[in-house]
Amino acid sequence: MKKKTLLLLAALIALVGAYFVFAYQWHGPDNEFHIADAKTVGKVEIELVKATISESKVTLERAGENEWKLNGKYDASLIQVNDFLKTLTDIRVKEPISNKAQATSLSLLKRNHTHVKIWDKEGKLLKDYLIGPANNQQTANIFKMEYSDKCYMVSKPALDGYVSIYYSTNESDWRDRGIWNLKGEDLKSVAATYANDTLSQSFALRLEAGKWRLGDGQFADSSRIANYLALFQGKINAETFADTQYPKMMDSLTKRVPDAQFTVETTAGARTSLLLFAREDSPANFFAFIEGKKDLLTVQHFVIDPFLKSKGFFAAGVPQP
């Protein structure tokens, strides 16, 4: 009898163990919304739901150690992504929501929320939670784990404001507006070609054996070239993406000769060519796009004009032997 009881007990323990292994999913604490280590994050989905209907969604996916893709087709801004990843590690429960207010919070979340899913680099789901409205003081948001029925007020310590602003589902908030990220010492050639160039202002510079030459073989003035290369101080950004506001403009521009085409090539062989088109409706800006890409940009004159020199600028001094 004792032996039979022990066998039954062993079988019961095995059944309970099998339940936890195969049926029960452990989700962890329902009040730990933060990520312990941002370096482990491989993918994030952020979906905005209004009136129980999905309104917009973005997916951020790691494409390299310092490279992220947005919705599988755009380069994501590394600055924006890193700021967001820091938010994922910083957020903490500010205070629990009272039992009396739980039902109201759940009702608010069911109808309107931002649904956030976070996976690690191996595809394991790390977090799955909903974000609701802010409190009256605008210092925290309602958060709830997807699998839980308990809500919390979550904030970002030292942040003066609610955290939901970091979870944007607007593509333009995440896209990388960078045109190039270069220093003068990175460059091997620089060229600008201007339309209707009656004054021969177009130029082509190339580094050969440590000396910069113009396209006709003439040496560029050393002081002028030094001042020019000093303009390249890192990242240059477009002002905005204009695809949505001007949906047919890109097709039109590809059929036109650009007013200016500015091309840089690095010593590593990377080449970027920016095509610029004057705008009558906004004289302070160019329409532009990078050769080989289909993103319509607006580029401010004060950003790009310093790079658009004339050939005479480089040949103005005494040629160097």
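FYI, the numbering just counts along the sequence from 1.
A donor-acceptor pair under 3.5 Å is absent between the side-chain atoms of Q261 and the main chain of P258, judged by distance alone. Judged purely by atom type and a 3.5 angstrom limit, S148 has no side-chain atom pairing as donor or acceptor with the backbone of M145. A distance-only check finds a donor-acceptor pair linking the side chain of K121 to the backbone of K39 [under 3.5 Å]. Side-chain atoms of Y194 come within 3.5 Å of backbone N or O of L308 as a donor-acceptor pair. A donor-acceptor contact shorter than 3.5 Å links the side chain of Q138 to the backbone of N135. The closest donor-acceptor contact from the side chain of Q102 to the backbone of I97 lies under 3.5 Å. A donor-acceptor contact shorter than 3.5 Å links the side chain of Y228 to the backbone of F307. A donor-acceptor pair under 3.5 Å is formed between the side chain of S105 and the backbone N or O of A101. With hydrogens and angles ignored, the 3.5 Å screen pairs no side-chain donor or acceptor of N82 with any backbone N or O of K86.
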Steps toward side-chain contact (heavy atoms from CB on, under 4.5 Å) verdict (R213, E208)
CA-CA 7 Å; R213 293 178 182 265; E208 296 179 2; 3.2 Å; yes

Go through the steps for K117 and W119 under the test side-chain contact (heavy atoms from CB on, under 4.5 Å), then give the verdict.
CA-CA 7 Å; K117 291 184 179 182; W119 291 266; 3.5 Å; yes

Going through the distances and angles, do N170 and S168 end up as a side-chain hydrogen bond (donor to acceptor under 3.5 Å, both in side chains)?
CA-CA 5 Å; N170 186 344; S168 173; 5.3 Å; no

side-chain contact (heavy atoms from CB on, under 4.5 Å), that's the test. Do L60 and K43 meet it? Break it down for me.
CA-CA 6 Å; L60 298 164; K43 180 180 176 181; over 6 Å; no

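Between Y129 and F143, the ring centre distance stays below 6.0 Å. Ring centers of W174 and F84: under 6.0 Å apart, within the cut-off.
A salt bridge (Lys or Arg N to Asp or Glu O under 4.0 Å) with D243 holds for exactly one of K73, R175, K294; it is R175.
Counting non-hydrogen atoms of neighbouring residues, nucleotides and ligands closer than 6.0 angstrom, the CG atom of D281 exceeds 12 such neighbours. Annotation: D216, atom CG; neighbour count of heavy atoms from other residues, nucleotides and ligands within 6.0 Å is above 12. Other residues, nucleotides and ligands place no more than 12 heavy atoms under 6.0 Å from the CD atom of Q245. Within 6.0 Å of CG in L125 there are more than 12 heavy atoms belonging to other residues, nucleotides or ligands. Remark: K235 NZ is packed, more than 12 non-hydrogen atoms of other residues, nucleotides or ligands lying under 6.0 Å away.
The line from CZ of F289 to CG of D295 is 11.0 Å long, rounded to the nearest 0.5 Å. For the atom pair D128 CG and E146 CD, the distance stands at 5.0 Å (nearest 0.5 Å). From D186, atom CG reaches atom CG of N181 across 8.5 Å, with rounding to the nearest 0.5 Å.
With F277 as the aromatic partner, R256 does not meet the cation-pi criteria of under 6.0 angstrom to the ring centre and within 45 degrees of the ring axis. Geometrically, R279 does not engage F286 in a cation-pi contact defined by less than 6.0 Å to the ring centre and at most 45° from the axis.
Side-chain N/O atoms of S164 and N141 include a donor and acceptor closer than 3.5 Å. There is no side-chain donor-acceptor pair under 3.5 Å between D120 and T40. With no hydrogens or angles considered, a side-chain donor-acceptor pair links D30 and Y152 at under 3.5 Å. Side chains of T87 and K156: a donor-acceptor N/O pair is present below 3.5 angstrom, by distance only. Checking E171 against N71 by side-chain atom types alone, a donor-acceptor pair falls below 3.5 Å. Side-chain contact of T240 with T298: a donor-acceptor pair under 3.5 Å is present, judged by distance alone. The closest side-chain donor-acceptor pair between N227 and S223, if any, does not fall under 3.5 angstrom.
Summarising the geometry of D197 relative to S202, their closest heavy-atom pair is OD2-OG, 2.6 Å, with the distance given to 0.1 Å. Pairing each heavy atom of L187 with each of W212, the nearest pair is O-CZ2, 3.6 Å. Closest approach of P283 and H301 over heavy atoms only: O-CD2, 3.0 Å. Taking each heavy atom of N237 and I179 in turn, the nearest pair found is C-CD1, 4.0 Å.
Taking the six-membered ring where tryptophan is involved, the planes of F314 and F203 are tilted, since the angle between them lies from 30° to 60°. Ring orientation note: the planes of W180 and F232 are tilted relative to one another, at an angle of 30° to 60°.
Residues T169 and I46 are in side-chain contact: their nearest non-hydrogen atoms beyond the backbone lie under 4.5 Å apart.
Note on E291 versus R271: salt bridge recorded, some NZ/NE/NH1/NH2 to OD/OE distance being below 4.0 Å. Between R62 and E67 there is no salt bridge, since no side-chain N of the basic residue sits under 4.0 Å from a carboxylate O of the acidic one. Ion pairing between a basic and an acidic side chain is recognised when a charged N comes within 4.0 Å of a carboxylate O; D176 and K69 show no such pairing.
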